[in-house]
Amino acid sequence: QVQLVESGGGLVQTGASLRLSCAASGGTFSIYGVGWFRQAPGKEREFVAAIRKNGFGTIYEESVKGQFTISRDDAKNTVDLQMDGLKPEDTAIYYCAAERDVGFTNFRSAYVYTYWGQGTQVTVSS
């Protein structure tokens with residue numbers, strides 16, 4: 001059983017940066033792929049970025065490429081999401097999720113993830 005806790009959200013102005021962190025406990029973290037999703041009010045949860053086990057590749061939603069960077073530190077059991085140049089449309093609750101990486105997992109899909117954090121609010125003011 002893996003437990004995930006997000007941190008690092010907050011209220012910032014347009015153009016600012018935030019670094020979200022997802023801390024994991026209760027499992028062998030290095031075998032899991034980890035994804036970040038976000039959900040804005042009145043909208044469905046959407047994929048943001050994911051990182052495969054052992055850092056074997058990263059995946060980004062097209063709209064955040066070049067703006068967000070996902071990374072992991074298996075020694076610390078954390079996955080971070082560095083968000084630069086934030087815009088009001090980035091306002092959402094951000095969730096991290098984890099699933100065992102078996103090689104063919106579609107980490108873009110929320111349905112494949114077994115473990116989820118409680119979310120952290122990111123608000124970007126204009």
Side-chain angles (χ1 to χ4, degrees):
Q1 190 79 6
V2 175
Q3 293 81 44
L4 303 173
V5 178
E6 303 95 334
S7 61
L11 171 63
V12 297
Q13 293 186 332
T14 297
S17 297
L18 279 174
R19 189 175 185 89
L20 305 183
S21 187
C22 175
S25 61
T28 305
F29 185 63
S30 61
I31 67 173
Y32 289 86
V34 177
W36 282 96
F37 292 77
R38 65 187 179 186
Q39 187 165 19
K43 295 187 177 182
E44 293 186 353
R45 190 171 299 189
E46 65 174 359
F47 170 75
V48 176
I51 188 164
R52 304 285 302 275
K53 67 180 180 182
N54 299 321
F56 285 168
T58 55
I59 311 164
Y60 294 94
E61 174 59 32
E62 194 65 32
S63 63
V64 305
K65 281 184 179 179
Q67 182 189 1
F68 292 2
T69 304
I70 190 170
S71 61
R72 67 187 297 158
D73 186 336
D74 287 343
K76 296 181 179 180
N77 285 359
T78 58
V79 170
D80 290 350
L81 184 69
Q82 176 68 39
M83 307 188 296
D84 299 318
L86 285 164
K87 312 165 190 174
E89 51 264 43
D90 294 317
T91 295
I93 300 174
Y94 283 70
Y95 300 89
C96 69
E99 179 59 38
R100 291 189 67 173
D101 187 344
V102 296
F104 52 82
T105 310
N106 177 15
F107 286 108
R108 289 181 176 272
S109 171
Y111 295 104
V112 306
Y113 292 89
T114 300
Y115 305 104
W116 290 84
Q118 82 290 348
T120 185
Q121 176 71 48
V122 172
T123 303
V124 184
S125 63
S126 58

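Only heavy atoms go into these numbers, but all of them, side chains included; no hydrogens, no water, no symmetry mates. Fair warning: this is a prediction, and the values are worked out from it, not measured in the lab. One-based numbering along the sequence shown.
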Inset, instruction - With the side chain counted from C-beta on, respond yes when Ser25 and Asn77 share a heavy-atom pair under 4.5 Å apart, and no when they do not. - result: no
Legend entry - Point-to-point distance, once rounded to the nearest 0.5 Å, from SG of Cys22 to CZ of Phe29: 6.0 Å
Legend entry - Derivation of the side-chain hydrogen bond (donor to acceptor under 3.5 Å, both in side chains) call for Thr114 and Glu99: CA-CA 6 Å; Thr114 300; Glu99 179 59 38; 2.4 Å; yes
Legend entry - Check: Thr14 side chain, Lys87 main-chain N or O, donor-acceptor pair, under 3.5 Å: no
Inset, instruction - Begin from the C-alpha positions of Asp90 and Met83 and carry the test side-chain contact (heavy atoms from CB on, under 4.5 Å) through to its verdict. - result: CA-CA 9 Å; Asp90 294 317; Met83 307 188 296; over 6 Å; no
Inset, instruction - Please answer: with hydrophobic residues joined when any side-chain heavy atoms are less than 4.5 Å apart, are Val79 and Tyr32 in the same cluster? - result: no
Inset, instruction - Measure across Asn106 and Val112 and return the closest heavy-atom pair with its distance rounded to 0.1 Å. - result: O-CG2, 3.4 Å
Legend entry - For Pro88 against Ser126, the heavy-atom pair lying closest together: CG-CB, 3.9 Å
Legend entry - Straight-line distance of Ile93 CD1 to Thr120 OG1, nearest 0.5 Å: 9.0 Å
Legend entry - Same apolar cluster: Leu20 and Val12, side chain cutoff 4.5 Å: yes
Inset, instruction - Measure across Lys53 and Asp101 and return the closest heavy-atom pair with its distance rounded to 0.1 Å. - result: N-OD2, 3.0 Å
Inset, instruction - For the pair Arg72 (side chain) and Gly33 (backbone), establish whether a donor and an acceptor sit closer than 3.5 Å, ignoring hydrogens and angles. - result: no
Inset, instruction - Spell out, as yes or no, whether a donor-acceptor pair under 3.5 Å connects the side chain of Arg108 to the backbone of Tyr60. - result: yes
Inset, instruction - Please name the pair of heavy atoms, one in Val2 and one in Ala24, separated by the smallest distance, quoted to 0.1 Å. - result: CG1-CB, 4.3 Å
Legend entry - Side chain Gln67, main chain Asp84, donor-acceptor under 3.5 Å: yes
Inset, instruction - Return yes when atom CZ of Arg100 has more than 12 non-hydrogen atoms of other residues, nucleotides or ligands closer than 6.0 Å, and no otherwise. - result: no
Inset, instruction - Rounded to the nearest 0.5 Å, what's the gap from OH on Tyr94 to OG on Ser7? Could you check? - result: 15.0 Å
Inset, instruction - Please say whether more than 12 non-hydrogen atoms of neighbouring residues, nucleotides or ligands are located less than 6.0 Å from CD in Glu89. - result: yes
Inset, instruction - Would you kindly confirm whether Phe107 and Val34 end up in one hydrophobic cluster when ILVMFWY residues are joined by side chain heavy atoms under 4.5 Å apart? - result: no
Inset, instruction - With rounding to the nearest 0.5 Å, note down the distance linking NZ in Lys76 to OG in Ser21. - result: 9.0 Å
Legend entry - Short side-chain to backbone donor-acceptor contact, Glu6 and Cys96, under 3.5 Å: yes
Inset, instruction - Scan for ring pair (Phe, Tyr, Trp, His ring centres under 6.0 Å) pairs involving residues 35-55, sequence neighbours excluded, and state none if there are none. - result: Phe37-Phe47, Phe37-Tyr113, Phe37-Trp116
Inset, instruction - State, to 0.1 Å, how close Ala92 and Ala40 come at their nearest heavy-atom pair, and which atoms those are. - result: CB-N, 3.8 Å
Legend entry - Under 3.5 Å: donor-acceptor pair, side chain of Ser109, backbone of Tyr111: yes
Inset, instruction - Classify the side-chain pair Gln82/Asp80 by whether it contains a donor and acceptor separated by less than 3.5 Å. - result: no
Inset, instruction - For residues Arg19 and Ser71, determine if any side-chain heavy atom of one lies less than 4.5 Å from a side-chain heavy atom of the other. - result: yes
Inset, instruction - Check the hydrophobic clustering (I, L, V, M, F, W, Y; side-chain heavy atoms under 4.5 Å; chains of links allowed) and say if Tyr95 and Val122 are grouped together. - result: no
Legend entry - Non-hydrogen side-chain atoms of Gln13 and Leu86 separated by less than 4.5 Å: no
Legend entry - Value rounded to 0.5 Å, distance of OG1 in Thr123 from CG in Leu11: 6.0 Å
Legend entry - Arg38 side, atom CZ; Glu46 side, atom CD - distance, nearest 0.5 Å: 4.5 Å
Legend entry - Val48 reachable from Leu4 in the ILVMFWY side-chain graph, under 4.5 Å edges: no
Legend entry - Sidechain-backbone polar pair: Thr58 side chain, Ile51 backbone, donor-acceptor under 3.5 Å: no
